[in-house]
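See structure below.
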Amino acid sequence: MVKPNYSYEKRQKELAKERKKQEKLQRKANKSESNAPGAPTQPDQSSGGERSEGAADAPPQR
């Protein structure tokens, strides 16, 4: 009787999981790229306006 090669099965399962993870990351990257050229994201706009005053970093005046 042939003994099952569990290490081979485990490696194949890990490779499939990694492949699936990479495909998911690629889909996310493609999705974000398609949204980026059409409309700028709001965090870039808001962070620039809020930081220009510097009120949060300035010590209180007496």
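Numbers here are sequence positions counted from 1. Reckoned from all heavy atoms, side chains included, excluding hydrogens, waters and symmetry mates.
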inquiry  = To the nearest 0.5 Å, what is the distance between CG on Asn35 and CG on Asn30?
reply    = 11.0 Å
key: All pairs passing side chain to side chain donor-acceptor pair (under 3.5 Å) where residues 9-19 contributes a residue, at least two apart   = Glu18-Gln22
inquiry  = Distance check, rounded to the nearest 0.5 Å: Arg27 atom CZ versus Lys31 atom NZ?
reply    = 10.0 Å
